[in-house]
Amino acid sequence: MGLDPLLRAAAAGADPVRVALPFGTPCWLVTGHAQVRRVLSGAEFDRTTIDIAEIPRTTEESMLVPGTLSCLSGADHQRQRKLLMPHLQAGPVRALHGRIEEIAQGLITDIVAADGPVDLVAEYCNPLAMRVFCEMFGVPFEDCDQLAEWTTQLLSYEAGSRIRQRAGVATARYLYERVERGEYAEGSLLATLVAACGRDEVSFGDMLSLAVSVVLAGFETTSHVLAKFLYRLLTDERLANDLARDGVAMDRAVEELLRVTNFAGGEMLPYRAAVDVVFGSVTIRAGEYVVPAIGSANMDPAAFPEPDRIDIDRSRNPHLSFGFGTHFCAGAPLARAELAIGLAVFLRSPLRDYTISADGLAWETESILWPIRALVAAPRAGSVVR
Ligand code: HEM
């Protein structure tokens, strides 16, 4: 949940630190806020020349695939990213707010009616994120469990390369078949991608790979982060009271929770220096790899006064949890809306007073996202369901 102690130690000095990850070539770990922003800004570092055999990584195979959205830059990157925007930027996402609220409220109503212990990951965070994703993306909700299983395998430290390859192929084949049969909702993101392909704005292969990238990025992420928010809320009375205050700015609170809640252990996928770059007393040579530690950057006292304090009223909050620059999260407006609405609906419900049982928290140790696997909460003894 918090920052990996090793990252915190590395962040004590401002300069990049030379590290070796379990696989790939040694690299530079960049931890300061200004330095991480500089890496992400795209001017001196990118991923266009990465070599998947040598890329520093925590999994046997590289999570980055050359030629896909996360590895492109310049006009190629812009062309593909632009295709997602009609569905993911702030305007269209605002139109989804009512629907997100309706889905969240429906889930909460069912949980309250059951009036017993509930796994908030299985019953609230996952279905909320998956339902919203499926409707926006244009595939049936019933297929989401299958998509989630493949995504889990693709993001696993433990799955062997055969399993991971099979999961990647299965996701692409699933999307290929839906596209071939025209089985996607009208007006959805998938429909937009197919139409762009029909107008030759994107090749069929790139369209499919873009769709796979969105599936991989689009629902597990939000579900995991929401689960971590709920865990904090149910275990930190001061935070719960702060969030329940009248007139609290939920959007601002979400930004602060995003700042302190680690995702994937706090480090990001690597970049490669395109030119020699000097950071303080360290020169990173062109061709060397760097890992930007956004979790450390989010705790840098130079950018965030009293970084360890969760201050939901923090007015200036340039956290890097959605990245920065070229590869800034394309789904940030959607994720922000789901988190703010998911949290607000939860806070208005009797679940706010539930408690987490002693063995109610289980971590998923195999995923690079470091998610909560189960978060079992139960009504407080003697409480009455309102
Ligand atoms: C709380 C939830 C989320 C978090 C914390 C998050 C975080 C991030 C981060 C850090 C990156 C940059 C990765 C890199 O290139 O190194 C990223 C990229 C991306 N995210 Fe998210 N994300 C979230 C939700 C979403 C959602 C809901 C979607 C779409 C429905 C999405 C779609 C994308 C896409 C397409 C990219 C690649 C952008 C590019 O390379 O231009 N994300 N996300």
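All ligand and atom numbering here is 1-based and tracks the order in the structure.
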Tell me: protein heavy atom nearest [atom], and distance?
atom                    : result
atom 38 (C) of ligand 1 : R81 NH1, 3.4 Å
atom 15 (O) of ligand 1 : R47 NH1, 2.8 Å
atom 37 (C) of ligand 1 : L69 CD2, 3.8 Å

- Query: Does any non-hydrogen side-chain atom of P318 lie less than 4.5 Å from one of R37?
  - Reply: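 Of all side-chain heavy-atom pairs linking P318 with R37, at least one is under 4.5 Å.
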
| said: Measuring only between side-chain heavy atoms, which start at C-beta, is L239 closer than 4.5 Å to L257? | reply: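 SC-SC contact between L239 and L257 confirmed.
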
Give the numbers and elements of all ligand 1 atoms closer than 4.0 Å to a heavy atom of [X].
X    : answer
T222 : 2 (C), 24 (C), 27 (C)
S321 : 5 (C), 7 (C), 10 (C)
V225 : 1 (C)
S70  : 40 (O)

Would you please indicate yes or no on a ring centroid separation below 6.0 angstrom for F133 and F219?
->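 Yes, the ring centres sit under 6.0 Å apart.
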
Please check if the distance between the ring centroids of F204 and Y176 is under 6.0 Å.
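Centroid separation for F204 and Y176: below 6.0 Å.
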
What pair of heavy atoms forms the shortest contact from L193 to M207, and how long is it?
->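 Here L193 and M207 meet closest at O-CG, 3.5 Å.
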
- Would you tell me whether E220 and H224 have side-chain atoms, one donor and one acceptor, within less than 3.5 Å of each other?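 Yes.
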
ask   = Does some non-hydrogen atom of Q80 fall short of 4.0 Å from ligand 1?
value =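 So Q80 does not count as touching ligand 1.
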
Query - Any N/O pair H77/ligand 1 closer than 3.5 Å - result: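 Yes; the residue has a nitrogen or oxygen that sits under 3.5 Å from a nitrogen or oxygen of the ligand.
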
- Message: Using a 4.0 Å heavy-atom cut-off, which part of H327 comes near ligand 1: side chain, backbone, both, or neither?
- Response: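 Both backbone and side chain of H327 come within 4.0 Å of ligand 1.
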
Notebook entry, point to check: With backbone taken as N, CA, C and O and side chain as the heavy atoms from C-beta onward, which portion of T326 lies under 4.0 Å from ligand 1: side chain, backbone, both, or neither?
Noted result: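 For T326, only backbone atoms sit under 4.0 Å from ligand 1.
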
Check: Excluding sequence neighbours, so at least two apart, what forms side-chain hydrogen bond (donor to acceptor under 3.5 Å, both in side chains) with E255?
Finding: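 For E255, the residues satisfying side-chain hydrogen bond (donor to acceptor under 3.5 Å, both in side chains) (neighbours in sequence not counted) are H319, R336.
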
Q. Taking only residues two or more places apart in sequence, or in another chain, which ones meet R352 in a side-chain hydrogen bond (donor to acceptor under 3.5 Å, both in side chains)?
A.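 Per chain and number, R352 pairs via side-chain hydrogen bond (donor to acceptor under 3.5 Å, both in side chains) with N241.
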
Requested in this report: Can you label the angle between the H77 ring and the H327 ring as parallel, tilted or perpendicular, going by 30° and 60°?
Outcome: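 Geometry flag for H327 against H77: perpendicular rings.
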
Could you tabulate the donor-acceptor pairs under 3.5 Å formed by side-chain atoms of residues 105-114, not counting sequence neighbours?
from	atom 1	to	atom 2	distance (Å)
T109	OG1	Q105	O	2.7

Hey, is D51 close enough to R272 for a salt bridge, meaning N to O under 4.0 Å?
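Here D51 does not pair with R272 in a salt bridge, since their nearest N and O are not under 4.0 Å apart.
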
Notebook entry, point to check: What count do you get for protein N/O/S atoms less than 2.8 Å from atom 21 (Fe) of ligand 1?
Noted result: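 With waters ignored, the protein N/O/S count below 2.8 Å is 1.
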
